[in-house]
Amino acid sequence: RAKGEGRNRYCFFEPEMGTKIHARRTLELELRKAVEMGDLELYYQPQVESGSRQIAGFEALIRWHHKERGDIPPEEFISVAEDSGLITEIGRWVLEQACLEAMSWPDSIQVAVNVSPVQFRSAKALLSDVRSALLLSGLPAHRLELEITEGILMQDTAANLELLDSLRRMGVHIAMDDFGTGYSSLGYIRRFCFDRIKIDRSFINDVTTSKDSQAVVQAVCGLCSTLGIQTVAEGVENEQQLQFLFDEGCSLIQGYYIARPMAVADLQRLIVDWTAAL
Ligand code: C2E
Ligand code: MG
Ligand code: MG
Ligand code: MG
C-alpha cells in the first residue's frame, strides 16, 4: 500500500496501523474482562446423520456478548485471544463448559469442541485440560470430540502424532476441521487416523453448481468411507446440497438447513421436537 504513494513512500508504519494495534489491544483488555465477568457463552449447532437424520452431536461455538457493541463474532476475537495467550484460559473454559452441558443430553449425542492451534502446541496443558474437563463433568471420553484444523499438522509431525495418540488413548475423538482450505492432501487423512473429516463450508456452498467442489466432495467422501472415517459437511444450507452429500455417502450434515447454532437453553426442546418429527 505504501508503494507508489508518492510522499508516503518511506512510511511503512501507517497511522491506521497504529489504530489497528490499539483496537486489538483494547479488544484484548475487554476480552480479559469478559472472561472474568462470564460474558462468554457457548452456542451449539447440531450435526445429524445424513440418512436417518438423527442428531449425532452438537458443535460448541463460542459467543461473546459485549455490553456496548453487541455480539462479537469469534472470527474477530479468537485471533486476539491467540496472540495474547488468553486462548489457554478460554479454551479450558470451553472444554469444561461443553463437557458439563453435554451431560444433560442423551448418551447417544456427543459434543465437538474447537481447539486452537495455540492450545495444540502446548501438548501437556491440552492433555491435562481435557482430562480435567472429563473428570469434572463425568462425561465419558468417547462423547467428546476435538476439532483441530489442518494447519496444525504442517510442522512437527512426530510431536503431533504423539499428542493425537495420547488424546485418542484417553478415548476422545478427533476431527479435522475445515478440510480442504489448507495444504494438506488426502494422504493426511490416513496418516493421522482422524475419526472424522469436516469438509469446509466453501466446498459445500457451491457443491450443486461447481464441478471442482463436486470432485473434492466425491474424493473425500469416497476415500473416507473406504478407510472407515466419517465425513461431516459443514454449512449445508438447502435440500439439494443435502441430497448431493447423501448420495456421495457423506456421514453427517451440519448447517443452517438443519439448525443455526443456538443457546443451551433451547437444546432440550430441539432434541425433543427433532426426534419426534423423525
Ligand atoms: P468452525 O469451527 O468451522 O465453525 C463453523 C462456523 O460456520 C460457525 O461460525 C457456524 O456458525 C458457521 N455455520 C454453520 N452452519 C452454517 C451455514 O449453513 N452457513 C453459514 N454461512 N455458516 C454456517 P462461528 O460460530 O462464527 O465460528 C467461526 C469460527 O470460530 C469457527 O469455525 C472456529 O474456527 C472458531 N471458533 C468458534 N468457537 C470456538 C472455540 O470455542 N474455540 C476456538 N479455538 N475457536 C472457535
Ligand atoms: Mg469447528
Ligand atoms: Mg469448520
Ligand atoms: Mg469452517
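Because only heavy atoms are used, hydrogens play no part in the values below, and waters and symmetry mates are left out as well, while side chains stay in. Every number for a ligand or one of its atoms is a count from 1 in the order of the listing.
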Restricting to heavy atoms, the pick from Asn238, Leu61, Asp177 nearest atom 37 (C) of ligand 1 would be Leu61
Heavy-atom proximity to atom 36 (N) of ligand 1, picking from Pro117, Pro74, Ala233, Ala60, points to Pro74
Atoms in ligand 1 with a heavy atom of [X] nearer than 4.0 Å:
| X | value |
| --- | --- |
| Ser116 | 44 (N) |
| Glu75 | 26 (O), 28 (C), 29 (C) |
| Glu237 | 17 (C), 18 (O), 19 (N), 20 (C), 21 (N) |
| Pro261 | 11 (O) |

Spacing of [atom1] belonging to [X] relative to [atom2] belonging to [Y], to within rounding of 0.5 Å:
| X | Y | atom1 | atom2 | value |
| --- | --- | --- | --- | --- |
| Glu145 | Lys198 | CD | NZ | 7.5 Å |
| Phe179 | Leu186 | CZ | CG | 5.0 Å |
| Gln218 | Leu223 | CD | CG | 13.5 Å |
| Ile72 | Leu31 | CD1 | CG | 8.5 Å |
| Ile87 | Phe77 | CD1 | CZ | 8.0 Å |
| Phe194 | Thr231 | CZ | OG1 | 14.5 Å |

For ligand 1, is any non-hydrogen atom under 4.0 Å from [X]'s backbone (N, CA, C, O), its side chain (CB onward), both, or neither?
| X | answer |
| --- | --- |
| Glu234 | side chain |
| Gln97 | neither |
| Gln45 | side chain |
| Asp178 | side chain |
| Val94 | side chain |

Does the N or O separation between [X] and ligand 1 drop below 3.5 Å for any pair?
| X | result |
| --- | --- |
| Tyr257 | no |
| Gly255 | no |
| Tyr256 | yes |

Among the N/O/S atoms of Glu147, the Mg ion (ligand 2) lies closest to OE1
Of all the N, O or S atoms in Glu59, the one nearest to the Mg ion (ligand 2) is OE2
Please confirm whether the backbone N or O of [Y] pairs with a side-chain atom of [X], one donor and one acceptor, at under 3.5 Å?
| X | Y | result |
| --- | --- | --- |
| Glu248 | Leu245 | no |
| Arg143 | Ile109 | yes |
| Asn114 | Glu147 | no |

| message | Less than 4.0 angstrom from a charged side-chain N to a carboxylate O is my criterion; do Glu28 and Arg32 meet it? | response | yes
Does Asp71 pair with Arg63 as a salt bridge, N-O distance under 4.0 Å?
no
Sub-4.0 Å heavy-atom contact, [X] with ligand 1:
| X | result |
| --- | --- |
| Glu59 | yes |
| Arg260 | no |
| Pro73 | no |

Notebook entry, point to check: Below 2.8 Å, any N, O or S contact between Asp177 and the Mg ion (ligand 3)?
Noted result: yes
Next on the checklist: If you count heavy atoms of other groups shown closer than 6.0 angstrom to CD of Gln243, is the number above 12?
Outcome noted: yes
Please determine whether residues Leu40 and Ile78 belong to a single hydrophobic cluster, defined as Ile, Leu, Val, Met, Phe, Trp and Tyr linked transitively by side-chain heavy-atom distances below 4.5 Å.
yes
For OE1 in Glu234 and OD1 in Asp178, the angle at the Mg ion (ligand 3) (nearest 10°) is 110°
